[in-house]
Amino acid sequence: MNKKHWLSVLALTSVAGLLLAGCGGGASGSSSSGGGGANAPAQNAASNSTAASGTSKPAVNSNTLVIADGLGDPQSWDPIATFVIAWGEIANNIFDGLVYRGPDLKIQPGLATSWTYKDPKTLEFTLRKGVKFQDGEPFNAEAVKFTFDRLLADKKSPQLSNYTSIQSVQVVDDYHVIFHLKTVDPVLITKLAGYGAMIVPPQYIKEHGDSYFANHPIGTGAYQVVDYKPGESVTLKANPDYWRGAPKIQNIQIKFVPDANTRMSMMQAGTVDIVEDVPPAQAQMVKSDPNFNLDVAGSPTVSEIRFDTSKPYMNNVDVRQAINYAIDKNAIIQKVLNGYGQPVSTFQGAQSFGNDPNLKPYPYDPQKAEQLLQKAGVPKGTTLTLTYDGSDSTFSEVAQAVQEELQQVGLNLKLQPEDTNTFYNQLIPQGKAGDMHEFGWGGWTLDFDNTAELLYSKGQFWNPDFSNPQITALLNQERSTNDQSVRQQAFYKMDQLLQQLAVEVPLYQQDTIWAVRNSIQGWVTPPDERMDLWDLSYSN
């Protein structure tokens, strides 16, 4: 199949997805292969003229805001037990950090009202008074110390490597704490705005234990979890004593709906108010719906194909570069994402501090790819595997495109979809995700340090094998100073080296696409994918 053929096939696939979503509110299950909406045609399209016409029904439930979430169940609500966007986008409303990063992406006071560096390794925080956890337990300096003592003691936490610069937390009094650092950490303040740094209640955890807390979380945030059905939904209730003011919407239910066609069918049936991760092929359907607004924002999330450099052929830089040349990223952005994305040269978006704007992505050059494969001694017809999240219907189309393009340069690509949880929590960490695998990264600190440490330092959770002494030296250099110009130059050198090493195929920086019912006021499309639900209200 030539390139023109795969583009035509993908166009037909996109149209089919749009039609499936339009045929009715009855997509009762998701396809494990990521194809999307396999059960939808079984429904009677004629019985739902509203859905068939592309116009949604009015909201079914006016008392509860319902969100169809495409990222899935984070598996645990404990801030130190996970490191996925599926957690961050929801738990941002359950917990607070010492600092807060709002929709403008600027750091501002959170549970701390101010902070001061006494010296490069000594950081003092003044804490907000009068704040309580959702069970009534007071927030104070002891809670801050407990939070970080607990994090630093958990050697299996995927969050630990983000905070290893912290030596200890000292309680000065109820509303002052001092962080004593082992090393200079130029990204620490940013990292305190989310994930593992979210403050947790000492007495509640001591009384109930970690396992109970993971399913029944308590924080200081705007909403409290009142019902959690693993794999199905989480229901939140407004915290009337929230320190920023009581939320206007009392109840929010977030349904975990990995299948895109099912989410869109729910929208048309009137059973949801917000749809996260609208497929690019179905954006036009939302645009034409009078009950919903289409909201699009650039995000720090980037997608790539990552090589397992311990595997035969993948341990050869010529082969890795060849695969980079063989894939037409711009065609994928236009034909699969419908233009909702931007090319990237390394595994970070344009918002990331450390991204070199002058570094260009690998051009599409199949002839160069063939030359490099021949140089590396790779026989024509060699089979490689690409493993990916089977619930990700968009990447399923990307994988098909990549399969056809690699076939043009003499490589057979076996596509291997997997269960989401197994894929991210077992196969990738254990080095069992094939020759290459899908990988997405939020870059939530907006600083390349976080990405580089977790993905290019050997032995990290999602990087069991790759290491390079030059990358390590540059990472150590940028981490040893608060001088941003020195750090930037170290990152630029790292960018160039990573591109030469071709550790991965950076595909695109994603746009996030949301469908939001037009009766909802105060919605700001999250630029870092972390929903801020506190200030939402209904227009009526």
Side-chain angles (χ1 to χ4, degrees), residues 64-67 69 71-103 110-112 128 131-139 143-144 146-148 150-151 157-159 191-205 207-256 274 276 442 444 526 528-536:
T64 300
L65 179 75
V66 181
I67 300 173
D69 178 84
L71 294 179
D73 188 343
Q75 308 293 323
S76 171
W77 297 107
D78 190 334
I80 68 173
T82 185
F83 197 9
V84 291
I85 297 174
W87 186 93
E89 69 166 355
I90 300 171
N92 187 52
N93 299 279
I94 302 168
F95 300 97
D96 292 308
L98 293 176
V99 300
Y100 167 74
R101 189 173 72 206
L111 292 178
R128 192 174 298 277
V131 177
K132 293 183 179 181
F133 289 95
Q134 293 149 358
D135 65 342
E137 182 178 336
F139 161 74
V144 176
F146 174 85
T147 295
F148 288 94
R150 179 173 180 263
L151 166 60
S157 170
Q159 291 288 338
K191 290 185 290 192
L192 295 179
Y195 291 93
M198 293 296 202
I199 306 302
V200 299
Q203 297 307 316
Y204 181 84
I205 293 176
E207 179 181 348
H208 294 284
D210 293 336
S211 296
Y212 184 86
F213 175 66
N215 290 315
H216 305 83
I218 289 291
T220 61
Y223 285 92
Q224 178 179 347
V225 172
V226 292
D227 184 40
Y228 172 45
K229 295 181 173 65
E232 182 180 332
S233 66
V234 61
T235 302
L236 309 177
K237 181 179 180 179
N239 174 8
D241 299 319
Y242 185 45
W243 58 270
R244 293 167 71 190
K248 300 176 180 68
I249 294 179
Q250 293 302 302
N251 303 294
I252 296 177
Q253 184 181 48
I254 301 169
K255 297 184 177 182
F256 307 128
I274 297 174
E276 186 265 345
W444 71 280
D528 59 358
E529 298 182 85
R530 296 192 294 170
M531 294 184 288
D532 197 339
L533 305 174
W534 164 70
D535 206 27
L536 298 187

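Heads up: numbering here begins at 1 and tracks the sequence. Everything numeric in this text was worked out from a predicted model, so none of it was measured.
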Would you name the heavy atoms of [X] and [Y] that are closest together and state the gap between them?
X: A238; Y: I249; result: CB-O, 3.8 Å
X: A214; Y: S76; result: CB-OG, 3.4 Å
X: G196; Y: L151; result: O-CD2, 3.9 Å
X: P217; Y: V225; result: CG-CG2, 3.6 Å
X: P247; Y: Y223; result: CB-OH, 3.3 Å

* With no hydrogens and no angle check, do the side chains of N92 and W87 hold a donor and an acceptor under 3.5 Å apart? -> no
Taking the side chain as every heavy atom from C-beta outward, state whether [X] and [Y] have any atom pair closer than 4.5 Å.
X: I254; Y: S233; result: no
X: W77; Y: T82; result: no
X: F148; Y: L192; result: yes
X: K255; Y: V66; result: yes
X: Q224; Y: L236; result: no
X: T235; Y: I252; result: no
X: T220; Y: F95; result: no
X: Y228; Y: H216; result: no

* To do: Applying side chain to side chain contact (heavy atoms under 4.5 Å, CB included) between K248 and each of D535, L536, L533, report the one that passes.
  =>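 It is D535; the other options fail the test.
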* Structure fact -> Residues at least two apart in sequence or cross-chain that pass side chain to side chain donor-acceptor pair (under 3.5 Å) with T147, listed by chain then number, are none
* To do: Indicate the ring-plane relationship of Y204 and H208, choosing parallel, tilted or perpendicular according to the 30° and 60° boundaries.
  => tilted
* To do: Give me the ring orientation class for W444 and Y195: parallel if the planes are under 30° apart, tilted from 30 to 60°, perpendicular past 60°.
  =>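 Plane angle between 30° and 60°, so tilted.
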Just how far is it from atom [atom1] of [X] to atom [atom2] of [Y], taken to the nearest 0.5 Å?
X: M531; Y: N93; atom1: CE; atom2: CG; answer: 6.5 Å
X: F133; Y: I205; atom1: CZ; atom2: CD1; answer: 8.0 Å
X: Q203; Y: I218; atom1: CD; atom2: CD1; answer: 13.5 Å
X: L71; Y: D73; atom1: CG; atom2: CG; answer: 11.5 Å
X: M198; Y: Q159; atom1: CE; atom2: CD; answer: 10.0 Å
X: L98; Y: R128; atom1: CG; atom2: CZ; answer: 11.0 Å

* W534 and R244: CA distance, side-chain angles, deciding distance, side-chain contact (heavy atoms from CB on, under 4.5 Å) verdict -> CA-CA 9 Å; W534 164 70; R244 293 167 71 190; 3.5 Å; yes
* May I ask you to say whether R530 pairs ionically with D532, meaning some side-chain N is under 4.0 Å from a carboxylate O? => no
* **Residues D227, K237: salt bridge by 4.0 Å N-O rule** => no
* Asked: What do the steps show when you test I90 against F256 for side-chain contact (heavy atoms from CB on, under 4.5 Å), and what is the final call?
  -> CA-CA 11 Å; I90 300 171; F256 307 128; 4.0 Å; yes
* May I ask you to decide if G221's main-chain N or O and Q134's side chain share a donor-acceptor pair within less than 3.5 Å? => yes
* Test side-chain contact (heavy atoms from CB on, under 4.5 Å) applied to R150 and D210, step by step -> CA-CA 10 Å; R150 179 173 180 263; D210 293 336; 3.2 Å; yes
* Dump the intermediate steps for side-chain contact (heavy atoms from CB on, under 4.5 Å) on I199 and F146, then the final yes or no. => CA-CA 9 Å; I199 306 302; F146 174 85; over 6 Å; no
